[in-house]
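Residue numbers begin at 1 in each chain, while the letters A, B, ... track the order of the sequences. The shown structure was predicted, so the numbers you read here are calculated from the model rather than taken from an experiment.
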Amino acid sequence: MSIGKPMSTESSDLEGQMKARTEAAESLRSRGVNPYANDFRVTHQIAELPVDVSVMTGEDGLTAESPRYAIAGRLVQVNEMGKARFLFVRGDRGEMLQLYVKADNADAFAAAKELGLGDFLGAEGPLFKTRKEKRALKCESLRILTKSIRPLPGKVLQEGSDVTDVGLLYRQRYLDFIVHPDKVEIFRKRARIVSGIRSFFDGLGYVECETRMLLSTNGGAAARPFKTHHNALDIDLFLRIATELDLKRLITGGIDRVYEIGRLFRNEGMDRTHNPEFTTIEFYHAYATYEDLMTLTEQLFEKLAVDVCGSTEIDYQGQAISLKAPFRRATMQELVGEPLTGKALVAAFEQRVEKTLIQPTFVTQHPIETSPLARKNDKDPRFTDRFELFINGREYANAFSELNDPVDQRARFASQVSAKAGGDEEAMDYDEDFCRALEYGMPPTAGEGIGIDRLVMLLTNQASIRDVILFPQMRPDET
RNA sequence: GGGCCCGUAGCUCAGCCGGUAGAGCAGCGGCCUUUUAAGCCGUUGGUCGUGAGUUCAAAUCUCACCGGGCUCACCA
């Protein structure tokens, strides 16, 4: 654990508030109350408590037989009433419980008076219905569980005083979650999406594999890598920009269906849809073609949309998107509408067509010049058996029938190397071992990569990749 | 990298045709034994992102820089 900044670097108001809270903690300690106790046992999470107020009695109706509940959570609001007070406690999913404490219970009331907003507390007692027909837990006991030394920004519950400093919220995600408990739901959905993907492929007999992140050659995609250094071997290494080549080594080794869900690192620009580290799934299927993968992709997207959104018909930032299969399929040349080839075709596609592909569209038959790992089309060797899936003008998946001809692969690598020598910083290195693997023979295979962060954005209706990555890359905080 | 916008109290903001700072909430001190994300009274807290310039005087005008956002470009 690192050493915190001394409080003297804070402004005087914050420093004053923190000093008061620190002294409050010390005061508790001096009276034998541990402000960081961990011996309180909850019987219920707040989300598990009964919610039907109509069957609850008023406070006067409570008896010794009324069920008791022991709950814990963070104090976010206090309504003081003189000799009584209501404490609003928030649980794991942002759900709230009101606690009612009266001066009659001297111990609990004294404990309540010493609590500050942001403190964690534990309380025990029965539920009742207030005069305003609201659920409340009458505290028979109440104690602090954790003292919060640093004040929460503003008043968590007050409308119109929302924290809007997005830099602060991304750097201090915990604070974001405290202030915006609904944002946690995005990440719960993300977890469902990832486990949904995993179960989809597991169910089809794929083997989940974990390949290297540190590599001595850069390849598998067109991107600039992060470099690092291994001291014991005294060699420079790259962080992987793709999982492709290692997964195809596994196909060569005889694992006919493999996938990897994992982090990739690309040393490039950042914007609404790019973060230097991001998550993909790549999967490889022996004896399949890129056309098989289009069908598979449709099934996956449909399943995830239904699981997470409840329907294949979703809204993304005001745009209605239908993830109902089948998706449109068209060759890049058809979409461009001109008999272009090579990089000119790709340039025309990116310039004129890409942004217009709102509904899911498989764009097939990419030129060989931009597809160094894809299999040539049998009828027209200027193109590859490849597709990219576009939705809302963005790329979601990239797939192809894999190039498994070692002679062809060597020629493609050689072309990449000369491109790199000519200044293309995103060109791949010549991966000799990968060529060797192909020389032993890799079965005919199709493979695909899907950007999971963008998929999560789509299915959770988030505009920025930073809203689906827990700790997005930020310039270091200098404060 | 280009364009536009923003940076004032812990948080959200006002003040910006120049005269060295305000509000709400939070905090602190009081009052109130069923409140609604309470109410009432009082109160602490800011070298106004940093630096330079113009001026008798700068939060306010000018320039540079730093940080952030949006947008365009680049980018598989």
Minimum-distance nucleotide (side-chain atoms of [X] versus [options]):
X	options	result
A:L117	B:A26, B:U35, B:G67	B:A26
A:Q77	B:G10, B:A37, B:U36	B:A37
A:R272	B:U36, B:U71, B:G67	B:U71
A:Q17	B:U35, B:G10, B:A37	B:G10
A:V163	B:G45, B:U36, B:C11	B:C11
A:V166	B:A37, B:U35, B:G69	B:G69
A:Y100	B:U33, B:G10, B:U36	B:U33
A:M96	B:U35, B:A26, B:A37	B:A37

Give [X] one of three labels, base, sugar-phosphate or nothing, depending on what nucleic acid heavy atoms sit under 4.0 Å from its own.
X	value
A:Y396	nothing
A:D104	base
A:R466	sugar-phosphate
A:A103	nothing

Any protein N or O atoms within reach of nucleotides 28-32 of chain B? Criterion: under 3.5 Å, listing atom names and distances.
| unit_1 | atom_1 | unit_2 | atom_2 | d |
| --- | --- | --- | --- | --- |
| B:C32 | N3 | A:G82 | N | 3.0 |
| B:C32 | N4 | A:E80 | OE1 | 3.2 |
| B:C32 | N4 | A:G82 | N | 3.4 |

| request: Tell me whether the OP1 or OP2 atom of B:U33 has a side-chain N or O from A:K102 closer than 4.0 Å. | output: no
| said: Tell me whether the side-chain N/O atoms of A:K134 come closer than 4.0 Å to OP1 or OP2 in B:U36. | reply: no
| said: Just by distance, no angles: are the side chains of A:R454 and A:H274 close enough, under 3.5 Å, to form a donor-acceptor pair? | reply: yes
| Between A:D429 and A:N218: side-chain donor-acceptor atoms closer than 3.5 Å | no
At their closest point, which heavy atom of [X] faces which heavy atom of [Y], and how far apart are they?
X	Y	result
A:D246	A:R212	OD1-NH2, 2.6 Å
A:Q333	A:L345	CA-CD1, 4.0 Å
A:F301	A:I391	CE2-CD1, 3.8 Å

| Euclidean distance for C1', B:A23 against B:C56 (whole angstrom) | 32 Å
| said: With rounding to the closest Å, how many angstrom separate the P atoms on B:G39 and B:C25? | reply: 7 Å
| query | Any donor-acceptor pair under 3.5 Å linking the side chain of A:N105 with the backbone of A:K102? | reply | no
| field | The single option from A:R31, A:R21, A:K147 passing salt bridge (charged side-chain N to carboxylate O under 4.0 Å, His left out) against A:E114 | value | A:R31
